[in-house]
Amino acid sequence: MRLLLQLLLLICLITSTAEAATTKAQFLLSAEAARPGSTILAGVELKMKAGWHTYWRNPGESGGTTEIEWELPSGISAGPIQWPVPEKYFYLDEFNYAYHGNIILLVPITIAPNAKPGEYQIRGNATWIECEEVCLPGSASISATFKVGDEGQFTAAADALEEAKAKLPLSGEDIEASVRWDKNEGENSRSFIIEWNTAQALPNPDFYPYESDGFDVLPQTEVVKNEEGTIQLRKTIKKFKGEWPEKIAGLLVEDSTQGQDARAYEIELSFDGKAGAGGAASGKILPLKESLVKMLFFAFLGGLILNVMPCVLPIIALKVLGFVQQSREEPARVKTLGFVYMAGVLVSFLVLALFVIGLQIAGKAAGWGMQFQNPQFVVIMATVITLVALNLFGVFEVNLGGRTMAVASGASGKEGAGGSFLNGVLATVLATPCMAPFLATAIGFAFTQPPLIIALLLLTVGFGLALPYVVLSWNPRLMKFLPKPGAWMEKFKIALGFPLLATAIWLLSLTSDYFGSDGPLWVGLFLTCVAAAAWIWGSFIQRGTRRKAFAVTVALLFIVGGYIFALEKELQWRGPLSTSTETTAGKTEFVDWEVWSPEAVEQFRAEGRPVLVDFTANWCLTCKYNKRTSIEIESVGKKLKEINAVALTADYTRGSDAITAELKKYDRAGVPLVLVFPADASQPANVLPTILTPGIVLEALDKAAK
């Protein structure tokens, strides 16, 4: 059909001398006198007969755009045509972007600062295609004169040109929108999703693409989502040559049924540059879906809740010990140490914010707990936590500022300024694998916002994490409820080393995800060498009196030898990771897991089956809790079989662009995320809370089966 219309258009062009164009053109100028260095408006007004239309800058599936060829005197220049919002026009199975009635195409005319005074004439030739049942070429010679001098003087057409400016699309600079690749629909066809946030749902939103070279954006639009102010539009690109585009530009239209009176916003959005990878990318920052005040409250509340999450409990134990010790010190010093601890937390969250901002600038996606996708980070953290535990056991001491506490010595147990700051850093690092209630929403929101909001929200999380300790340190009366310092503290300090040792074992278990089944063996051997070196340091260097140089040599041999043999030779821990596609999919006692992919979800939903998707990671303790208590249990397994549902697992342990993109769709920056898709493929997914109960999962599955 498109080829037929183009052929008819060619015939019309060839036979154009036989018929006259029906559209009349008039040239308008906003001023008859202007100063050097100023800009005036010119307008080409096209007056079309009823039923006839001309075309926008992107005519659509047929037609041709209006062009102006200028003849300008020296010192005068013309800018590009400024196009009013067009009408999306459907005729003979083709979509076009067209104008009906009267329209004015605006062109800015700039006068050079050094233009000499005098009279100037602007000439040009406008050409267009106009169509009804047949298409005809149209053209008109346009000209106008004006003077350059010390004073400006408007013409009678100035008001009409100002009214025409009101019909131009608005700037999309403040529009919050993003674009991401959706799925392949053929070798040279690919769909993409534009997400756009408005104050409320829109009646008929659409996207009108600008003209492009090497590809076409098809006019057909699918409204994927239009609720609570969030708009998702699916469009399709047909590629003819070259690479897939990195950017897409055009108009976001609020109500396409209003035609040329519709309000629209001019935008340009960037993909992630990885066509077909399924990754999300934003040309603009993702939308301010919730009010900032609400997100700040969620961030603060999430930070408070992190204090009772299993990731942070070992550090909380250290802080309790510190408060007991502080209860006998000067109030001013206690307050200072409370602020130093908060400074450690806030500095750590600021570093995290800067890292996220850097990834955003580089066009990459960031996620909560992303550092645990780095195997070197996991090994280093396991080493640090092991040393902290050994310090609490009294194996060695770390003296900061030449002063060691009589009881809780060391970098983490010592409540000097350095120890308090380091406690804040460790609390932040250990908090990131946990996703507390409310925190998932706030972090998912933060990681898609401009740099200042990212920093503000992450610092608010840190403030919530640190506040209880600052409040306690600033209220000495609360200290009275703590037991008095005494000999029991030495035993309590040692007891606190065991939760940290358990944390180190957990980190050690994660190494199998990166280095295979031998990972825990070789990292464990290295940690043993580190522990032996720490014991030598404490027993023969810190508390010994003779042969300290020999003891230092032996300690270094343990560390260097263990590192070279275990990490470098056997583990090759700095080398690239294996590209193995191991996942957590497989049959468990109650649930048969299959590997997640967007295609798998669509396939099973097309079969009329409900789908449960668990986005998880081995380093995510909240994920493990949900799985053991609320997903991989007998009642849920029976319900899945009863309703003929399928369970898919998306393993985020080692990172995944596709999973990152999917998390962003649901405003999440990390795992866990559990979705339940109804059997009715037209219905959206049910997003379950961060912390699950069996009742929540079963209720969601029941609804999905209806």
- Message: Quick check against the 3.5 Å criterion: does D518 have a side-chain atom that pairs as donor or acceptor with the backbone of L571?
- Response: no

- Test side chain to side chain contact (heavy atoms under 4.5 Å, CB included) on T460 and F298 and set out the steps. CA-CA 9 Å; T460 303; F298 280 2; over 6 Å; no

- So F271 and W181, ring-ring contact (aromatic ring centres under 6.0 Å, His included) or not? Walk me through it. CA-CA 7 Å; F271 294 99; W181 291 113; 4.0 Å; yes

- Applying side-chain contact (heavy atoms from CB on, under 4.5 Å) between P520 and each of L510, L507, L508, report the one that passes. L508

- Message: Quick check against the 3.5 Å criterion: does R609 have a side-chain atom that pairs as donor or acceptor with the backbone of N644?
- Response: yes

- Message: For the CG atom of L252 and the CH2 atom of W196, what is their distance to the nearest 0.5 Å?
- Response: 5.0 Å

- Do the side chains of L688 and N626 get nearer than 4.5 Å, heavy atoms only? no

- Task: With the side chain counted from C-beta on, respond yes when N188 and F215 share a heavy-atom pair under 4.5 Å apart, and no when they do not.
- Result: no

- Message: Check this for me: does any side-chain nitrogen of one of R628 and E632 sit under 4.0 Å from a carboxylate oxygen of the other?
- Response: no

- Item | Salt bridge flag under 4.0 Å for residues D182 and K235 | no

- Item | Closest contact, heavy atoms only, A264 versus L251 | CB-CB, 4.1 Å

- Query: Between atom CG of L352 and atom CG of L459, what is the distance when rounded to the nearest 0.5 Å?
  - Reply: 10.0 Å

- Show your reasoning for whether side chain to side chain contact (heavy atoms under 4.5 Å, CB included) applies to Y265 and E254. CA-CA 9 Å; Y265 302 89; E254 289 189 345; 3.1 Å; yes

- Could you tell me the separation between the OH atom of Y666 and the CG atom of L675, rounded to the nearest 0.5 Å? 5.0 Å

- Heavy atoms of other groups near F590 CZ, more than 12 under 6.0 Å: yes

- Message: Would F349 and L457 count as a side chain to side chain contact (heavy atoms under 4.5 Å, CB included) here? Give the steps.
- Response: CA-CA 10 Å; F349 272 95; L457 281 159; over 6 Å; no

- Determine the minimum heavy-atom distance between S189 and T236, stating which atoms define it. OG-CG2, 3.4 Å

- Side chain of R605, backbone of P678: donor and acceptor closer than 3.5 Å? yes

- Task: Flag the pair K225 and E195 as a salt bridge only when some basic side-chain nitrogen lies within less than 4.0 angstrom of an acidic carboxylate oxygen.
- Result: no

- Message: Using a 3.5 Å distance criterion without hydrogens, assess whether the side chain of D614 forms a donor-acceptor pair with backbone atoms of A647.
- Response: no

- Query: Does S630 reach the side chain of V636, with side-chain heavy atoms less than 4.5 Å apart?
  - Reply: no

- Item | Considering all heavy atoms, the nearest I696-P689 contact | CG2-CD, 3.7 Å

- Message: So, using side chain to side chain contact (heavy atoms under 4.5 Å, CB included) as the criterion, who are the partners of K641 when residues are at least two apart?
- Response: none

- Item | Test log, rule side chain to side chain contact (heavy atoms under 4.5 Å, CB included), inputs T383 and F526 | CA-CA 9 Å; T383 305; F526 170 69; 3.5 Å; yes

- Item | Distance, nearest 0.5 Å, that separates CG of L698 from NZ of K703 | 12.5 Å

- Just by distance, do the side chain of T629 and the backbone of K627 share a donor-acceptor pair under 3.5 Å? no

- Heavy atoms, side chains only, cut-off 4.5 Å: are P375 and T511 in contact? no

- Are the side chain of D255 and the backbone N or O of P203 linked by a donor-acceptor pair below 3.5 Å? no

- Message: Is there a side-chain contact between I237 and I248 in this structure, where contact means two heavy atoms from C-beta onward sitting under 4.5 Å apart?
- Response: yes

- Item | Note, V217 side chain near F192 side chain (heavy atom, < 4.5 Å) | yes

- Message: Which heavy atom of N226 sits nearest to which heavy atom of P205, and what is that distance?
- Response: ND2-CD, 3.8 Å

- Note on the structure: In terms of heavy-atom contacts, A685 and F677 come closest through CB-CE2, 3.4 Å

- Task: Please confirm whether the backbone N or O of D206 pairs with a side-chain atom of S256, one donor and one acceptor, at under 3.5 Å?
- Result: no

- Output the distance between atom CD1 (I631) and atom OG1 (T616), rounded to the nearest 0.5 Å. 8.0 Å

- Query: For F300, what residues pass the ring pair (Phe, Tyr, Trp, His ring centres under 6.0 Å) criterion, not counting sequence neighbours?
  - Reply: F463

- Message: Taking the side chain as everything from C-beta on, heavy atoms only, tell me whether L233 gets closer than 4.5 Å to V223.
- Response: yes

- Task: Output the distance between atom CG (N618) and atom NZ (K624), rounded to the nearest 0.5 Å.
- Result: 4.5 Å

- For G608 and A679 the tightest heavy-atom approach is O-CB, 3.4 Å

- Query: Does a side-chain heavy-atom distance below 4.5 Å link W596 with I659?
  - Reply: yes

